[in-house]
Amino acid sequence: STLSELYTEIVAEALFVASERSIMRPLVRNYAVTGGGKSVEVPIYAAVSAAAVSEASDLSNTAINPTSVTITCSENGIMTTLTDLGRNAAPRNVAADIGRLFGEAIAKKIDTDLTALFDGFSTAVGSGSTALTSALVFQSIANVRNAGVSMDGVSAVLHPMVAYDLKANLTNTFANANANDLANEALRSGFVGRLAGMPVFETSNIANTGNAGDYKGGAFHRDALAIA
């Protein structure tokens, strides 16, 4: 028979692990679905401009007409059956182990779904046949800044194999001939850390988009993507 009394423990552990393991979720805008529905409508405001006004002149009205995007939730799940015999014969806390496995699966699904949206960004730099360099990272940030986007909340997410190319570029193919703080940090910790004014994250939860090794990363503001 199944042990329904362990349901709460498994779910709690799964949700905790999912929230801790997901790279993308804290980097994007999170919305709560309220009212018992399964969708949330997010307003999108166009930029407005201020203008000089002559003395004793009235201001003209500026219409604010936001567009919107509807985020509709869909179901994703994973299920297993834990029996009395399996629970009692195991030397470990099986419920916690299952919760951890489920949480990792949920986190991977969240990250895979969100990184798949990188392909929909309107501006792209580099190509599938070009190794990522620091110059391309700075070019991507130049595009973000050129769009008038605040750097507060901007992040970069890369696949580890693409991040390897970036580290090779920063460290002169790991020879460290022209050492600098960023190159030393990449060699010492294995992580890029911050580059071009933004944190750089790595996740393997990015699907191959073409030939072997083609993984599209993204440099984006928190408001570019959302999850509900």
Side-chain angles (χ1 to χ4, degrees), residues 13-31 71 73-74 76-78 97 99-141 143-144 149 151-171 174 182-183 185-228:
E13 181 70 14
L15 292 177
F16 173 76
V17 172
S19 66
E20 292 293 312
R21 294 294 180 89
S22 174
I23 295 292
M24 288 294 297
R25 186 165 188 168
L27 303 181
V28 304
R29 186 65 62 186
N30 286 247
Y31 292 97
I71 302 175
C73 298
S74 60
N76 293 277
I78 182 172
D97 288 346
R100 177 179 57 81
L101 290 173
F102 281 12
E104 291 173 349
I106 294 169
K108 182 174 182 178
K109 178 60 176 172
I110 291 172
D111 285 356
T112 302
D113 285 351
L114 286 171
T115 56
L117 298 176
F118 290 166
D119 201 29
F121 288 170
S122 59
T123 303
V125 299
S127 68
S129 59
T130 304
L132 182 64
T133 64
S134 57
L136 288 173
V137 174
F138 275 91
Q139 183 182 352
S140 67
I141 286 303
N143 288 323
V144 172
V149 177
M151 286 298 293
D152 183 23
V154 173
S155 305
V157 176
L158 306 173
H159 189 278
M161 300 307 294
V162 175
Y164 169 85
D165 291 333
L166 177 59
K167 295 168 192 174
N169 173 251
L170 289 171
T171 61
F174 307 103
L182 189 57
E185 180 62 24
L187 287 169
R188 179 170 51 248
S189 68
F191 296 98
V192 175
R194 294 185 66 88
L195 181 62
M198 64 180 173
V200 179
F201 297 91
E202 297 180 33
T203 176
S204 60
N205 297 326
I206 299 178
N208 193 304
T209 56
N211 299 322
D214 290 351
Y215 302 98
K216 290 185 179 180
F220 56 93
H221 188 271
R222 179 183 306 278
D223 289 336
L225 301 172
I227 186 172

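Computed from a prediction, not measured in an experiment: that's the story for all the values here.
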inquiry  = Holding to ring pair (Phe, Tyr, Trp, His ring centres under 6.0 Å), I want the full list of residues that pass it with H159, two or more places apart in sequence or in another chain.
reply    = Y215

ask   = CG/N205 to CD1/I110 distance, rounded to the nearest 0.5 angstrom?
value = 10.5 Å

key: Which atom of P199 lies closest to which atom of R194, heavy atoms considered   = CD-NH1, 3.6 Å

query = Any side-chain heavy atom of R21 within less than 4.5 Å of one from D111?
reply = no

query = With a 4.5 Å limit on heavy-atom distance, are the side chains of V125 and F138 in contact?
reply = no

request  = Would you check if the side chain of N169 reaches a backbone N or O of S134 as a donor-acceptor pair within less than 3.5 Å?
outcome  = yes

request  = List the atom of L27, the atom of F220, and the distance in Å for their closest heavy-atom pair.
outcome  = O-CE1, 3.8 Å

ask   = Do M24 and D113 touch side chain to side chain, with heavy atoms closer than 4.5 Å?
value = no

task = Would you check if L195 and L166 make a side-chain contact, meaning some heavy-atom pair closer than 4.5 Å?
result = yes

ask   = Is there a side-chain contact between V28 and N30 (heavy atoms, below 4.5 Å)?
value = yes

ask   = Quick check: does any side chain N or O of T112 sit under 3.5 Å from a backbone N or O of K109, one acting as donor and the other as acceptor?
value = no

remark   = V137 and A196 have their tightest heavy-atom pair at CG1-CB, 4.2 Å

note = On a heavy-atom basis, the closest approach of A219 and I141 is CB-CD1, 4.4 Å

note = To the nearest 0.5 Å, atom CZ of R29 lies from atom NE2 of H221 at 7.0 Å

message = Could you measure the distance from the CG atom of L225 to the CZ atom of F121? Nearest 0.5 Å is fine.
response = 4.0 Å

request  = Show your reasoning for whether side chain to side chain contact (heavy atoms under 4.5 Å, CB included) applies to I206 and V162.
outcome  = CA-CA 11 Å; I206 299 178; V162 175; over 6 Å; no

ask   = For the residue pair A226 and L114, what are the closest heavy atoms and their distance?
value = O-CD2, 3.9 Å

message = Looking at every heavy atom in both I78 and A105, which two are closest together, and how far apart are they?
response = CD1-CB, 4.1 Å

query = Rounded to the nearest 0.5 Å, what separation is found between the CG atom of L132 and the CE atom of M161?
reply = 13.0 Å

Flag if over 12 foreign heavy atoms under 6.0 Å of CG, D152 = no

Ion pair check, E104 and R100, cut-off under 4.0 Å = yes

key: More than 12 heavy atoms of other groups within 6.0 Å of R222 CZ   = yes

